[in-house]
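Everything on this sheet refers to the single structure shown next.
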Amino acid sequence: YVSPESPKRMLDGCTAWVQQRTVILQKQIAQKILDDGQRELGRQQDKLNDLKRDKTRAEKGLVSTAQKSDKAAQDKAAAEKQLEQLNADTSLPADSAAAVKTEKDRLKQRNQLQDRIKRLGHTIDSAKNKTDNLNWTIKQNDQGQVTQQQVVDKQQAVVTDLQQKLQAIH
């Protein structure tokens, strides 16, 4: 037991020991808070990186969708041209059995081309909708990135402040 009436050397030694232990504990607490702040900064940076990756995917999807839409438009134009040629060709063989078979084949081809044109039209419409959705997603992502960058910057400032406080303890 040390009291104010204890010898000065003992009192000074105990006081130094308490101060030393206090500094060690303050550093441990400050380090723990700093570690938590750095962990939170890492999480926020991961969220920002996820947003950037999602935007990149959406942009690639936009390019891919545009290519599919262009291809479908070309295929639709080619199918419409084939249908026009099929409708323009009215020649029939002289043989009636061959004429019936030829007419059945033309009808089958006409139906197939009409179905294909219809499907390609749906593909083009679907691509347009997907393009609109991806553009909206990219717009939302840009806004999210701005917000998330602000969060990261704020957390970085907190971490920097915590580092300075830790270094100031002695």
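None of the values given here were measured: they were computed from a predicted structure.
- Rounding to the nearest 0.5 Å places CD of Q31 at 10.0 Å from CG of D36.
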Evaluate salt bridge (Lys or Arg N to Asp or Glu O under 4.0 Å) for R53 paired with D50, printing each intermediate quantity in order.
CA-CA 5 Å; R53 186 174 52 245; D50 289 347; 2.5 Å; yes

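- In this structure, the side chains of Q38 and Q163 come closer than 4.5 Å at one or more pairs of heavy atoms.
- I169 and K27 get closest at one heavy-atom pair: O-CE, 3.3 Å.
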Verdict with reasoning, D70 to Q74, per side-chain hydrogen bond (donor to acceptor under 3.5 Å, both in side chains): CA-CA 6 Å; D70 292 345; Q74 291 172 356; over 6 Å; no

Point to revise | Check against side-chain contact (heavy atoms from CB on, under 4.5 Å), T22 and V18 | key: CA-CA 6 Å; T22 302; V18 169; 4.0 Å; yes

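- Annotation: the span from D75 atom CG to E80 atom CD amounts to 11.0 Å, rounded to 0.5 Å.
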- Query: salt bridge (Lys or Arg N to Asp or Glu O under 4.0 Å) between R119 and D115: does it pass, once the steps are laid out?
  - Reply: CA-CA 6 Å; R119 283 192 316 272; D115 287 345; 5.1 Å; no

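- Checked for salt-bridge contact, R9 and D12 miss the test: no charged N lies under 4.0 Å from a carboxylate O.
- Remark: the backbone N or O of Q148 is not paired with any side-chain donor or acceptor of Q44 at under 3.5 angstrom.
- Counting only N and O atoms by type, the side chains of Q45 and N49 include no donor and acceptor under 3.5 Å apart.
- A donor-acceptor pair is defined here as one N or O able to donate and one able to accept, closer than 3.5 Å; no such pair exists between the side chain of S126 and the backbone of H122.
- Taking each heavy atom of L86 and L113 in turn, the nearest pair found is CD2-CD1, 4.3 Å.
- Of all non-hydrogen atoms in L11 and P4, the two that sit nearest each other are CD2-O, 4.3 Å.
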Decide yes or no on side-chain contact (heavy atoms from CB on, under 4.5 Å) for D132 and K128, but give the supporting numbers first. CA-CA 6 Å; D132 292 343; K128 183 186 179 310; 3.2 Å; yes

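- Minimum interatomic distance between K55 and I138 (heavy atoms only, all atoms of both residues): CE-CG2, 4.0 Å.
- Of all heavy-atom pairs spanning A79 and I117, the tightest one is CB-CG1, 3.7 Å.
- A donor-acceptor contact shorter than 3.5 Å links the side chain of T65 to the backbone of G61.
- Rounding to the nearest 0.5 Å gives a distance of 11.0 Å between CG of L166 and CD of Q26.
- Between the side chains of D153 and Q149, a donor-acceptor pair is found at a separation under 3.5 Å.
- A salt bridge links R57 and D54; the closest N-O separation between the charged side-chain nitrogens and carboxylate oxygens is under 4.0 Å.
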**Asked** Does the pair K81 and E84 meet the rule for a salt bridge (Lys or Arg N to Asp or Glu O under 4.0 Å), with working shown?
**Response** CA-CA 5 Å; K81 186 176 179 183; E84 286 177 24; over 6 Å; no

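- Checked options K139, Q145, Q143; the residue passing with N141 is Q145 (criterion: side-chain hydrogen bond (donor to acceptor under 3.5 Å, both in side chains)).
- Rounded to the nearest 0.5 angstrom, Q155 CD and L162 CG are separated by 8.0 Å.
- D161 places no side-chain N or O within donor-acceptor distance of the main-chain N or O of A157, the cut-off being under 3.5 Å.
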